[in-house]
Amino acid sequence: MRLSHHFGTTLRQAPAGTEAISHQLLLRAGYIRQLGQGLFSALPLAKRALTKIENIIREEMDAIGGQEMLMPVVHPAEVWQATGRWYSIGAEMARFKDRKDRDLVLAMTHEEVVADLCKTEIRSYRQLPQLVYHIQTKFRDDPRPRAGLIRVREFTMKDSYSLDADEAGLDQQYRAHYQAYFNIFNRCGVPAIAVGSDVGMMGGSAAHEFMYLTPVGEDTLVLCRHCGYAANRQIARFAKPAAAPEPLQPLQKVATPNCKTIEDLANFLGVPKRKTAKAVFMLAGHEEESGTREEFVFVVIRGDMEVNETKLANALHADWLRPATDDEIRAVGAVPGYGSPVGLKNVTIVVDDAVPASPNLVGGANEEGYHWLNTNTPRDYVPSLVAEIAAAGDGDACVQCGQPLYTARGVEVGNIFKLGTRYSAAIGATYLAADGTEKPIVMGSYGIGSGRLLACVAEEHHDDKGLVMPITVAPYQVHLIALAGADARVADAAEGMYRALRDAGIEVLYDDRAESPGVKFADADLMGMPIRLTVSAKSLRASGVEMKRRDRAEGVIVPASDLIARVRAEIGTLFDEIAAKVVPVPFR
RNA sequence: CGGGGCGUGGCGCAGUUGGUAGCGCGCAUCGUUUGGGACGAUGAGGUCGAAGGUUCAAGUCCUUUCGCCCCGACCA
């Protein structure tokens, strides 16, 4: 491609209001342009890179038995109603009506459609296992898109769906994806780690997220250096420090004026926070066919811990949670700041599992200015539910090895879910087993966002001058610069090399513009092709062309007669360097 | 949805107590220049996000509204 007719200009300065490096560089280098909030066009450079990423994904999916197909972006509401997600998903799903006033949705994902297809395509266990996938547009009306391509509303995702007769088959396909995903990210030059994660709106029994660690990431991960424990904060567990056993003491009311927070209370009474019980009031929302149902929830957790809302919502099977208002708290007979489960009736009380194990905690008295000493459950109040609902954070002890955990930020570049039979059962996607019984297909769902992955490539591979694209993802392998000026010999030589490179099947971006050398070098650095070739009067005097890797400071002069062979060798070396990173990863 | 910020040529920005809109880069033409964002000359390009209001007069003041960014809530 000739740069003189290339669609997409470079920008000397990044547009205002861009923070993430990947956002700035992809914009400045002319890869992407923003159309609206969370809506981006991929210009030719980005499109070529995305195609390469998608082809890597195709190769790895095909290698584990995937069959590529294509499902629609617009779905009738019925399939989403059948699984209940029409009701449980809120404004994040874009809905509209067709001319016949029928409800339609823009696809956020395709479990429903796959399950629907299975109704007709899968009849017998003899057809299983299978793996289908597609690379298709998704739309999720995210409340807050951010950081360029890292979090958008419309995006392209590879989503695959495994179909199995039983859990063992699912487990096998799940593990195959686990390794295939590492291969994909390594081939794209994005170092990723797998962490245990929440199943979220997908439902199901287990899930991993593949995270690229970076401060611009929006997920918080809880990690252990010692044993490798890794989990999304949403589900991260930790070893709770055991409370010293002591005999239960009788309840005793004490005056605690102006002690509305655990901090105040602990200071006022001179007790450590872990000897207190904190009351947190939430409303749990349940989206049902008949409408929204809200349930008041009284949460009790030790004062030295915080509630993890994802864990709490999961324990309650709630679709969402919100904090209760003071009026709602009073309505159940509790007092904001002095709330106590003691003596409350007809209220759902959820207790963190550390609370029953911690004797004689200071708790509210449901009376302004008073707390109880020595509250104990179940002696003084009976929980509706005891669950593990505390949030893990920096310094907490690892559940596996007891060493201190730390937190880091990451971008989710892929995820894998064991769905089980939730969708197949709801939609009626069944098969006949060997024993003649009809059983729901056991499904798995696996996603990778290609645009987000491109953003992570840019985030990982850049320097102060611009992008440094890995050979596997780079839009072009070679960036050929002609420093011709008025020198027709240089121009002719460059034209000849451009043709020869193309004829050799090498992807080359050719800067044939009448720009000054500084501009050409700066643009080449910005756009980030892995190999730069410079033809000039100077290089011709050395009877050759300068070849320089984007990731190296120095170039070499290669003889024009050897050009194709030398470029091919360099491309080979670059591919080999990437291939060396593609290694087996133990499942955990 | 809460908090904060920003909307002025393609990009980055200035615009004072209201007085008829400017700078740098980029773009076009011509000439000079060609190994790290060259130089000169000439030129094109703006309903100042939108609507309403105040005023003799609004980029500037008031009201409303839209868009975008950041933090939080939320979330694959």
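Throughout, protein chains are lettered first and strands after them, A, B, ... in sequence-line order, and every chain is numbered starting at 1. Computed from a prediction, not measured in an experiment: that's the story for all the values here.
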*Would you kindly check whether a donor in the side chain of A/S536 faces an acceptor in the base of B/G35, or vice versa, at under 3.5 angstrom?*
yes

*Looking across every strand, which nucleic acid part, if any, lies under 4.0 Å from A/R153 by heavy atom: base, sugar-phosphate, or nothing?*
nothing

_Sub-4.5 Å side-chain heavy-atom contact between A/M469 and A/M527_ = no

*Looking at the side chain of A/E19, which of B/G35, B/C70, B/G12 is the nearest nucleotide?*
B/C70

*For A/A537, which contact category applies under a 4.0 Å heavy-atom criterion: base, sugar-phosphate, or nothing?*
nothing

*When the nearest nucleotide of RNA chain B is assigned to A/Q34 and to A/E412 on a heavy-atom basis, which residue is associated with the more 5' position?*
A/Q34

*Determine the contact category for A/G485: base if any of its heavy atoms lies under 4.0 Å from a base atom, sugar-phosphate if only primed atoms, P, OP1 or OP2 are that close, otherwise nothing.*
base

_Does A/R33 reach a base, just sugar-phosphate, or nothing at all? Heavy atoms under 4.0 Å._
nothing

*asked:* Assess whether a salt bridge exists between A/R513 and A/D511, defined as any Lys/Arg side-chain N lying under 4.0 Å from an Asp/Glu carboxylate O.
replied: yes

*Closest to the A/Q37 side chain: B/C68, B/G37, B/A38?*
B/C68

*So what does A/P143 hit on the nucleic acid, given a heavy-atom distance under 4.0 Å: a base, only sugar-phosphate, or nothing?*
base

*Between B/C71, B/C11, B/G35, which one does the side chain of A/K538 approach most closely?*
B/G35

*asked:* Which nucleotide wins on minimum distance to the side chain of A/T534, given the candidates B/C70, B/A73, B/G35?
replied: B/G35

_Applying a 4.0 Å non-hydrogen cut-off, can you work out what A/E546 is touching in the nucleic acid: base, sugar-phosphate, or nothing?_
base

*Pick base, sugar-phosphate or nothing for A/D525, based on heavy-atom distances below 4.0 Å to the nucleic acid.*
base

*Compare the minimum distances between each of B/G12, B/G37, B/G35 and the side chain of A/S539, then state the nucleotide with the smallest one.*
B/G35

*Which part of the nucleic acid, if any, lies within contact of A/G36, taking any heavy atom under 4.0 Å across all strands shown: a base, the sugar-phosphate backbone alone, or nothing?*
sugar-phosphate

_Nearest to side-chain heavy atoms of A/R144, which nucleotide of B/C74, B/C71, B/C68_ = B/C71

*Go through B/G36, B/A38, B/C70 for me and flag the one nearest to the A/R146 side chain.*
B/C70

*asked:* Using atom C1' in both nucleotides, what's the gap between B/U16 and B/G53 to the nearest angstrom?
replied: 25 Å

*Return the nearest nucleotide to the side chain of A/P517; candidates are B/G35, B/C11, B/A38.*
B/G35

